[in-house]
Asks: 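Okay, handing you the structure first.
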Amino acid sequence: MGNLNIFVEECGTSINQACNPNIDNLNFQFKASNGTIFQFTQGRRISLTYSNNTATLIGVIQGSINNGPNLTYNVTIIAIINTRS
(Lines give C-alpha, C1' and ligand atoms only; values in the text may rest on other atoms or scores of the structure.)
Protein backbone atom coordinates (compact mmCIF):
# COMPACT_ATOMS: atom_id res chain seq x y z
CA MET A 1 0.00 0.00 0.00
CA GLY A 2 1.29 3.45 -0.83
CA ASN A 3 0.47 6.89 -2.11
CA LEU A 4 0.30 8.08 -5.70
CA ASN A 5 -0.12 11.81 -6.23
CA ILE A 6 -1.49 12.91 -9.59
CA PHE A 7 -1.95 16.61 -10.17
CA VAL A 8 -4.72 17.80 -12.46
CA GLU A 9 -5.81 21.20 -13.63
CA GLU A 10 -9.33 22.09 -14.68
CA CYS A 11 -9.61 23.20 -18.30
CA GLY A 12 -9.72 26.96 -18.70
CA THR A 13 -8.18 27.78 -15.33
CA SER A 14 -4.53 28.12 -16.38
CA ILE A 15 -2.83 31.26 -17.63
CA ASN A 16 -2.89 30.09 -21.24
CA GLN A 17 -6.47 28.74 -20.90
CA ALA A 18 -5.53 25.81 -23.17
CA CYS A 19 -7.36 22.52 -22.96
CA ASN A 20 -7.89 20.02 -25.72
CA PRO A 21 -9.66 16.81 -24.64
CA ASN A 22 -8.53 15.13 -27.87
CA ILE A 23 -4.92 15.11 -26.63
CA ASP A 24 -4.44 11.95 -24.64
CA ASN A 25 -0.78 11.58 -23.80
CA LEU A 26 -0.47 10.58 -20.14
CA ASN A 27 3.00 10.70 -18.59
CA PHE A 28 3.91 10.30 -14.94
CA GLN A 29 6.61 8.90 -12.71
CA PHE A 30 6.61 7.92 -9.07
CA LYS A 31 8.97 6.38 -6.55
CA ALA A 32 7.71 3.71 -4.18
CA SER A 33 8.73 3.74 -0.53
CA ASN A 34 11.07 0.79 -1.23
CA GLY A 35 12.97 2.88 -3.83
CA THR A 36 11.42 1.30 -6.92
CA ILE A 37 10.85 3.89 -9.66
CA PHE A 38 7.84 3.50 -11.95
CA GLN A 39 7.82 5.57 -15.12
CA PHE A 40 4.81 5.65 -17.42
CA THR A 41 4.71 7.39 -20.81
CA GLN A 42 2.63 7.55 -23.98
CA GLY A 43 -0.62 6.77 -22.21
CA ARG A 44 -3.65 6.55 -24.49
CA ARG A 45 -7.21 7.02 -23.33
CA ILE A 46 -9.76 4.37 -24.27
CA SER A 47 -12.59 5.91 -22.28
CA LEU A 48 -13.18 8.76 -19.86
CA THR A 49 -16.39 8.90 -17.85
CA TYR A 50 -17.72 11.16 -15.13
CA SER A 51 -20.59 10.36 -12.80
CA ASN A 52 -21.47 11.32 -9.22
CA ASN A 53 -18.26 13.35 -8.71
CA THR A 54 -16.11 10.41 -9.85
CA ALA A 55 -13.99 10.51 -13.01
CA THR A 56 -12.73 7.21 -14.42
CA LEU A 57 -10.07 6.99 -17.09
CA ILE A 58 -9.38 3.64 -18.77
CA GLY A 59 -6.54 3.23 -21.23
CA VAL A 60 -3.17 1.73 -22.03
CA ILE A 61 0.27 3.05 -21.17
CA GLN A 62 3.92 2.21 -21.76
CA GLY A 63 5.81 1.67 -18.55
CA SER A 64 9.12 0.66 -17.08
CA ILE A 65 10.25 -0.24 -13.60
CA ASN A 66 13.73 0.92 -12.49
CA ASN A 67 14.64 1.82 -16.10
CA GLY A 68 13.93 -1.73 -17.25
CA PRO A 69 12.32 -2.63 -20.56
CA ASN A 70 9.16 -0.79 -21.63
CA LEU A 71 6.06 -2.92 -21.34
CA THR A 72 2.44 -2.12 -22.18
CA TYR A 73 0.01 -1.93 -19.25
CA ASN A 74 -3.74 -1.53 -18.98
CA VAL A 75 -4.49 1.43 -16.73
CA THR A 76 -7.51 2.57 -14.76
CA ILE A 77 -7.33 5.86 -12.88
CA ILE A 78 -10.26 6.79 -10.66
CA ALA A 79 -10.48 10.30 -9.24
CA ILE A 80 -13.12 11.31 -6.71
CA ILE A 81 -13.75 15.01 -7.06
CA ASN A 82 -14.19 16.93 -3.81
CA THR A 83 -16.81 19.58 -4.50
CA ARG A 84 -16.59 21.13 -1.03
CA SER A 85 -14.80 24.46 -0.82
Side-chain angles (χ1 to χ4, degrees):
M1 190 63 138
N3 296 319
L4 173 61
N5 297 317
I6 299 175
F7 297 93
V8 298
E9 182 178 24
E10 183 180 356
C11 296
T13 61
S14 67
I15 293 172
N16 64 10
Q17 300 294 312
C19 187
N20 183 347
N22 294 318
I23 298 172
D24 58 350
N25 188 14
L26 307 172
N27 298 290
F28 59 92
Q29 177 177 321
F30 65 94
K31 183 177 181 181
S33 60
N34 67 358
T36 300
I37 297 173
F38 297 85
Q39 185 171 8
F40 295 99
T41 61
Q42 300 175 350
R44 298 293 180 244
R45 174 185 63 230
I46 294 172
S47 71
L48 178 62
T49 59
Y50 182 78
S51 177
N52 298 322
N53 295 334
T54 302
T56 303
L57 179 135
I58 297 173
V60 294
I61 200 163
Q62 296 293 309
S64 67
I65 301 171
N66 291 328
N67 294 316
N70 268 343
L71 301 172
T72 302
Y73 295 89
N74 292 318
V75 63
T76 300
I77 299 173
I78 299 171
I80 299 171
I81 311 301
N82 182 352
T83 59
R84 293 182 277 170
S85 298

Asks: Group every Ile, Leu, Val, Met, Phe, Trp and Tyr by side-chain heavy-atom contacts under 4.5 Å, then state whether I77 and Y73 land in the same group.
Replies: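 Yes, I77 connects to Y73 through the hydrophobic network.
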Asks: Can you name the side-chain hydrogen bond (donor to acceptor under 3.5 Å, both in side chains) partners of N34, sequence neighbours left out?
Replies: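 Applying side-chain hydrogen bond (donor to acceptor under 3.5 Å, both in side chains) to N34 gives T36.
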Asks: On a heavy-atom basis, which atom in S64 and which in N70 lie closest, and how many Å separate them?
Replies: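 Nearest heavy atoms, S64 then N70: CB-OD1, 3.5 Å.
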Asks: Rounded to the nearest 0.5 Å, what separation is found between the OG1 atom of T41 and the CD1 atom of I61?
Replies: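 Result: 7.0 Å between the selected atoms.
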Asks: With sequence neighbours left out, what residues match I80 under side-chain contact (heavy atoms from CB on, under 4.5 Å)?
Replies: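 Once residues adjacent in sequence are excluded, the partners of I80 under the side-chain contact (heavy atoms from CB on, under 4.5 Å) criterion are T54.
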Asks: Once you measure the plane-to-plane angle for F38 and F30, does it fall in the parallel (<30°), tilted (30-60°) or perpendicular (>60°) bin?
Replies: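 It falls in the parallel class, under 30°.
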Asks: T72: what forms a side-chain hydrogen bond (donor to acceptor under 3.5 Å, both in side chains) with it, not counting sequence neighbours?
Replies: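 If we apply the side-chain hydrogen bond (donor to acceptor under 3.5 Å, both in side chains) test to T72, skipping adjacent residues, the hits are Q62.
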Asks: Can you list everything that forms a side-chain hydrogen bond (donor to acceptor under 3.5 Å, both in side chains) with T76? Sequence neighbours excluded, please.
Replies: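 Per chain and number, T76 pairs via side-chain hydrogen bond (donor to acceptor under 3.5 Å, both in side chains) with no residue.
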Asks: If you round to the nearest 0.5 Å, how far is CG of L57 from OH of Y50?
Replies: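 Answer for the OH-CG pair, Y50 versus L57, is 15.0 Å.
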Asks: Could you work out, with side-chain contact (heavy atoms from CB on, under 4.5 Å) as the rule, every residue matching N67, not counting sequence neighbours?
Replies: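 Expected list: Q39.
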Asks: Are L71 and V75 co-members of a hydrophobic cluster defined by side-chain heavy atoms under 4.5 Å apart?
Replies: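 Yes, one cluster joins them.
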Asks: Who are the side-chain contact (heavy atoms from CB on, under 4.5 Å) partners of N74, not counting sequence neighbours?
Replies: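 Scan of N74 (side-chain contact (heavy atoms from CB on, under 4.5 Å), adjacent residues dropped) gives V60.
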